[in-house]
Structure formats: structure tokens, C-alpha cells
Amino acid sequence: MFCFRLFFILLLCPLFAFSQGNEECLGCHSEIGFSVQHGLNVKNLYVDENQLKNSVHKDLECINCHKELENTDYPHKAPLSPVFCGECHTEEEKLHSESLHGRAIKRGDPLAPNCKDCHGSHFVLSSRDLKSPTSPLKIPFLCGKCHREGAPVQLQREIHQDRILENYTESIHGEGLLKKGLVVSASCTSCHTAHHILPHTDPKSSIARKNIAKTCAKCHAEIELVHQKIIKGELW
């Protein structure tokens with residue numbers, strides 16, 4: 001009798017009293033074509049369940065990222081606030097906030113890239129996964145979305161070099177990566193870093209004059225020693 005009464009009480013409880021698992025969210029968001037209209041814009045809200053289950057965040061619940069929905073009923077309010085990845089990825093957030101990209105975001109630049117622009121949102125994969133946009137083989141094309149010739153960033157912002165993607169593909173590093181498939185070849189992030197991208201005039205930059213040898217030495221062992229000897233004329 002007690003068990004029956006307990007079941008009846010739980011049945012009458014509002015939905016938000018139950019644990020908010022991904023199943024509840026996917027009840028709507030896994031429907032192809034699921035969307036919502038904001039003014040004249042239609043926002044696609046479909047989430048591929050298979051992609052979500054194969055992402056690096058597969059063990060997380062939706063509300064771990066969309067925290068404002070915790071203990072709320074559904075259908076929930078819309079639109080939601082942007083997810084703050086830095087709550088978990090604190091070191092990456094700190095580096096990114098100091099970078100050229102992070103500074104541009106603080107200025108309100110609509111072309112500035114945030115986490116999901118590079119990593120995606122619901123289908124985030126490890127950089128070791130060849131399907132990931134941050135895998136070594138895809139890095140030049142990921143960065144090239146903004147830094148290729150004719151892209152809005154290249155046309156509307158002050159970029160001190162031109163034909164960046166073209167020049168890279170013709171370099172020894174580009175040939176090693178793109179023509180020979182050598183994932184150990186240097187890509188954009190190998191020299192500029194992934195999150196702490198700074199101008200060469202910044203002494204903390206990985207491409208600052210005093211740091212260049214150290215950056216190259218990550219792949220080319222003892223190049224800094226050789227470089228110093230060349231400067232001093234010891235190898236001539």
C-alpha cells in the first residue's frame with residue numbers, strides 16, 4: 001500500500017522534480033527539423049543524439065553546460081545564454097581571454113572566434129580524432145576559414161600578411177602535412193599555439209623574436225643551440 005501511494009505521489013509531481021537527464025532534453029531536440037523562430041530568424045535546435053554520444057562530453061548531462069535550465073520545467077525559456085566553457089576549461093579560458101581572439105571578443109567584434117567556432121558545440125572531438133576540426137590535418141583549413149584570402153576577417157580586419165593559407169601549403173611544413181600526411185609537421189597551432197595567440201610584438205608571444213628559437217625547438221631538437229652558434233659565428 002505504501003509503495004502504491006509513493007508511486008502515485010511521484011506521478012503527480014511536476015516534471016522538474018525528476019532528475020533532468022539527457023533523455024528529457026533529447027525528447028524534443030533529437031527531432032530533425034526542431035527549431036524556434038526569433039523575429040525573422042529561425043534557429044535550428046536539432047541535436048544529433050549519435051554525435052552527442054560520441055563526443056568528448058558524452059558523460060555530461062545537458063544541464064552541466066546549460067546550467068540556467070537546472071531545476072526548471074520545460075518547454076524552457078529561449079534563447080539560452082551562451083555556454084561558458086571556461087567553467088571547466090579554466091586554463092584554456094585564461095589563455096584565450098589574453099589572446100588576440102579573446103581581446104576581440106571583449107571589444108564586441110562579431111568576427112572574433114569563440115570556443116564553439118573551432119571545437120563545435122555538441123559534437124566536440126579530441127584533436128587526436130581525424131574527424132575533429134582541430135586534428136592536425138584539418139588545422140590549416142580551420143584557421144583558414146577566417147585567414148584565407150577573401151574571408152571577412154582578411155577583408156575587414158588588419159592582417160599583416162597575405163596569402164597565409166596559400167603560403168603555408170607551399171612551405172615544407174605544409175607539404176609534409178597536406179601532401180605526405182605527416183601529422184607531426186608543424187601547423188598553425190604548432191607555432192602560434194591553440195589558445196594563446198599573441199602578436200609577434202608581444203614579448204609573451206610564441207613568435208616573439210626572443211621566443212622563436214624555443215618555439216622551433218619543440219620539433220627541431222637543439223636548434224636553439226645551433227641558432228646561437230650561428231649568431232656568434234661559431235659555425236662559420
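Heavy-atom basis, side chains included; hydrogens, waters and symmetry copies ignored. Computed from a prediction, not measured in an experiment: that's the story for all the values here.
The backbone N or O of Asn114 lies less than 3.5 Å from a partner atom in the side chain of Asp117, making a donor-acceptor pair. In terms of modelled atom types and a separation under 3.5 Å, the side chain of Gln154 and the main chain of Cys146 share no donor-acceptor contact. Side chain of Ser99 to backbone of Leu198: no donor-acceptor contact under 3.5 angstrom is found. Judged by distance alone, with hydrogens and angles left aside, the side-chain atoms of Glu149 form a donor-acceptor pair with the main-chain N or O of Arg163 at under 3.5 Å. Using a distance-only test at 3.5 Å, with no hydrogens or angles considered, no donor-acceptor pair links the side chain of Glu49 to the main chain of Gln51. In this structure, Asn44 contributes its side chain and Ser35 its backbone to no donor-acceptor pair below 3.5 Å. Asn54 contributes a side-chain N or O that, together with a main-chain N or O of Asn50, makes up a donor-acceptor pair within less than 3.5 Å. Under the 3.5 Å distance criterion, the side-chain polar atoms of Ser135 are left unmatched by any main-chain donor or acceptor of Lys131. A donor-acceptor contact shorter than 3.5 Å is absent between the side chain of Thr90 and the backbone of Gly86. One N or O on the side chain of Asn167 and one on the backbone of Asp162 form a donor-acceptor pair closer than 3.5 Å.
Separating the NE2 atom in His76 from the SG atom in Cys25 is a distance of 7.0 Å, to the nearest 0.5 Å.
Look at Asp109 and Arg157 and you find a salt bridge, because one of the NZ, NE, NH1 or NH2 atoms lies within 4.0 Å of a carboxylate O, short of that distance. Salt bridge status for Arg148 with Glu166: absent, with no side-chain N to carboxylate O gap under 4.0 Å. For Arg103 and Asp202, the salt-bridge test passes: some basic side-chain N is under 4.0 Å from an acidic carboxylate O.
Considering every non-hydrogen atom in both Leu178 and Leu137, the closest pair reads CD2-O, 4.0 Å.
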Hey, mind stepping through Val47 and Ser30 against side chain to side chain contact (heavy atoms under 4.5 Å, CB included) and telling me if it holds? CA-CA 5 Å; Val47 176; Ser30 64; over 6 Å; no
Start with the C-alpha gap between His196 and Glu98, add the side-chain angles, then the distance that decides, and say whether side chain to side chain contact (heavy atoms under 4.5 Å, CB included) holds. CA-CA 7 Å; His196 204 221; Glu98 295 174 353; 2.9 Å; yes
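Looking at Asp129, Leu142, Leu125, Thr189 one by one, the single match for side chain to side chain contact (heavy atoms under 4.5 Å, CB included) with Thr134 turns out to be Leu142.
Under the 4.5 Å side-chain criterion, counting only non-hydrogen atoms from C-beta, Glu87 is in contact with Lys67. Between Leu177 and Ser187, the closest side-chain pair of non-hydrogen atoms falls below 4.5 Å. Residues Val184 and Cys219 fail the side-chain proximity criterion, which asks for heavy atoms closer than 4.5 Å.
Cluster annotation: Phe84 is not connected to Ile105 through the hydrophobic network of ILVMFWY side chains, with a link wherever side-chain heavy atoms come within less than 4.5 Å.
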